[in-house]
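No experiment lies behind these values; they were computed from the predicted model shown. Chain letters run A, B, ... following the sequence lines, proteins first and then strands; every chain starts at 1.
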Protein chains: 2
Amino acid sequence: MKGYDVKQEVTDKFSLRGRVFHRIREDILSGKYKDNEELKEVAIGEELGVSRTPVREAFRQLELEGLIQIIPNKGAYVTGITVKDVKDIYMIRSLLEGLCAKWATHSITKEQLEELEEIVYLTEFHASRGNSEQITELDNRFHEILYEACNSKMLEHQLRDFHDYVLRVRRKTLSKYKRSTQSNKEHKEILTAIRNKDEKKAEEAANRHVLNAYENMVKNGLYEAYAGEETGNERGRTD
Amino acid sequence: MKGYDVKQEVTDKFSLRGRVFHRIREDILSGKYKDNEELKEVAIGEELGVSRTPVREAFRQLELEGLIQIIPNKGAYVTGITVKDVKDIYMIRSLLEGLCAKWATHSITKEQLEELEEIVYLTEFHASRGNSEQITELDNRFHEILYEACNSKMLEHQLRDFHDYVLRVRRKTLSKYKRSTQSNKEHKEILTAIRNKDEKKAEEAANRHVLNAYENMVKNGLYEAYAGEETGNERGRTD
DNA sequence: TCTCGTACAATTGTATACAATTATACGAGA
DNA sequence: TCTCGTATAATTGTATACAATTGTACGAGA
């Protein structure tokens with residue numbers, strides 16, 4: 001099952017369809033297309049050097065992801081991702097990563113456990129050298145393995161989506177040395193709990209891990225990347 | 001914001017694109033297309049009386065939803081939804097509905113609260129007459145309002161997806177009189193907690209509500225609808 | 001001047017044509 | 001008989017053509 005999942009992912013990056021989809025997605029998340037901006041099929045097609053067909057297919061997917069809204073016979077409008085969206089995603093992710101760790105406690109394989117241990121070890125090494133590129137890669141891999149280890153297609157799917165969503169923000173966060181060290185400590189906690197088959201501890205550790213990542217992001221003012229995107233729809237929840 | 005969301009939904013049902021998408025989706029969820037079955041674009045197009053273009057667009061969306069898997073240059077294969085998937089969705093939904101209720105505690109409007117109260121009242125009435133059609137409708141509406149009331153585009157989006165996913169199974173479950181009465185009691189608990197601005201209680205009540213719905217479904221053997229779809233990939237988690 | 005309606009332009013929705021890729025059938029050679 | 005290679009069919013990927021819808025500009029009439 002994991003086999004062709006990965007292959008699919010890889011193939012996608014090189015296939016036209018995948019390229020168009022990922023490119024437009026990236027352009028929305030990076031802020032190239034502003035909130036409420038109308039996306040014209042031909043314009044984007046020309047920019048990417050393709051016809052309307054692949055663009056339209058990408059639009060359908062982006063709509064399902066909630067990044068754009070398609071009004072029939074009218075057009076596609078960027079929904080974007082607000083500061084509040086990012087916060088909400090982290091809150092949701094906190095719960096789901098917790099559930100993931102909890103389930104992984106029961107279904108993780110020996111190989112996966114070993115790979116997690118290796119990642120923690122390697123991260124320690126790279127963190128001491130401030131090598132942010134590798135740290136990011138290892139962090140991604142750590143979570144990827146947990147997603148696979150939870151043995152739930154549905155949960156894995158959800159977490160992967162969210163992970164992608166905040167990837168751009170998260171990458172910047174991890175590049176700070178201090179957080180990467182702390183983050184790895186938290187990974188170790190999760191790992192230990194899983195190894196000890198302590199599902200409650202694993203869940204809590206994973207919960208906290210995501211919340212901490214969010215707190216850290218806020219503290220470092222990395223929200224600024226999204227400044228001005230607030231749409232004024234908020235009703236002021238502040239928990 | 002809610003305004004055109006609804007309009008979109010309605011328009012979709014009547015637009016060709018929406019029809020094709022929903023129809024294929026329904027056919028997969030209803031088991032018409034078996035697990036791993038290959039979906040041919042022309043065949044399905046002919047069956048629905050449309051060309052390949054709308055079918056392909058629907059395929060892209062279904063892939064993102066995880067209902068089919070598209071292998072480039074090969075074909076689209078049904079992923080289906082296994083017994084374990086249903087269970088996992090309920091577990092995930094339990095957490096997310098909890099979060100939704102918790103957030104709604106802070107952001108719900110007076111109008112939404114009143115509508116929830118009305119729904120609970122109406123459900124009591126219809127339950128006493130065993131009118132399952134109305135009960136289902138009201139139950140849907142209850143959750144819909146909570147999704148809107150949590151004031152989180154992201155969470156709302158996720159919950160709506162899951163809700164759709166299990167709708168077919170859930171409808172059968174609710175038609176049992178006993179559950180519908182109990183279910184409404186649980187709705188009342190959630191509502192009371194929200195009215196009292198007790199976020200902890202609201203979260204717990206919503207958590208339990210979903211878990212109970214699942215337990216009830218299992219007890220009533222409604223799993224049978226999915227019998228034989230198990231793919232043997234499981235590694236035996238049994239919590 | 002303002003309003004309304006019609007024509008035209010722009011854009012999306014769908015169907016079809018063509019290209020590229022993959023699966024299959026069949027036959028030649030060992 | 002078996003294997004391999006080539007031709008052919010089937011299917012997907014992309015581009016384009018045409019239809020339907022929507023937005024806009026302009027002018028006639030009050």
Is any side-chain N or O of R19(A) closer than 4.0 Å to OP1 or OP2 of dT14(D)? no
Looking at residues at least two apart in the chain, or sitting in another chain, which of them share a side-chain contact (heavy atoms from CB on, under 4.5 Å) with E46(B)? none
Whole angstrom value for the distance that separates P of dT22(D) from CD of E41(A): 15 Å
Which of dG13(C), dA23(C), dG13(D) is nearest the side chain of P72(B)? It is dG13(D)
Grab the CD1-P distance between I70(B) and dT11(D) for me, whole Å please. 16 Å
Which nucleotide in the set dT11(C), dT21(C), dT16(D) lies at the smallest distance from any side-chain heavy atom of E38(A)? dT11(C)
Candidate list E97(A), R160(A), E156(A), test side-chain hydrogen bond (donor to acceptor under 3.5 Å, both in side chains), partner Y147(A), passing option: E97(A)
Nucleotide dT22(C), atom C1' - distance to CG of N73(B) in whole Å: 8 Å
Please tell me which of G75(B) and G49(A) maps to the more 5' nucleotide of DNA chain D, matching each residue to the nucleotide holding its nearest heavy atom. G75(B)
Calculate the interatomic distance between R60(A) atom CZ and dT14(C) atom C1'; express it in whole Å. 11 Å
Can you list the steps and then say if D88(A) with K153(B) is a salt bridge (Lys or Arg N to Asp or Glu O under 4.0 Å)? CA-CA 9 Å; D88(A) 289 353; K153(B) 187 180 69 185; over 6 Å; no
K74(A) bridged to E38(A) by N-O distance under 4.0 Å: no
Below 4.0 Å: OP1/OP2 of dT12(C) and any side-chain N or O of K40(A): no
As a test of reading the structure: which of dA15(C), dA15(D), dT12(C) is closest to the side chain of T53(B), going by heavy atoms? dA15(C)
Using modelled atom types and a 3.5 Å cut-off, is there a donor and acceptor pairing between side-chain atoms of S30(A) and backbone atoms of E26(A)? yes
Starting at atom CD of E57(A), determine the distance to atom C1' of dT12(D), rounded to an integer number of angstrom. 10 Å
For dA30(C), the Watson-Crick or wobble counterpart (both distances under 3.5 Å): dT1(D)
Testing dT12(D), dG23(D), dA23(C) for proximity to the side chain of K74(A), the answer is dG23(D)
Considering just the side-chain nitrogens and oxygens of S51(B), establish if one lies under 4.0 Å of OP1 or OP2 belonging to dA15(C). yes
Gap between atoms OH and C1', on Y77(A) and dT22(D) respectively (whole Å): 10 Å
What is the distance, to the nearest angstrom, from the CZ atom on R56(B) to the C1' atom on dT11(D)? 10 Å
R52(A) CZ - dA17(D) P separation (whole Å): 12 Å
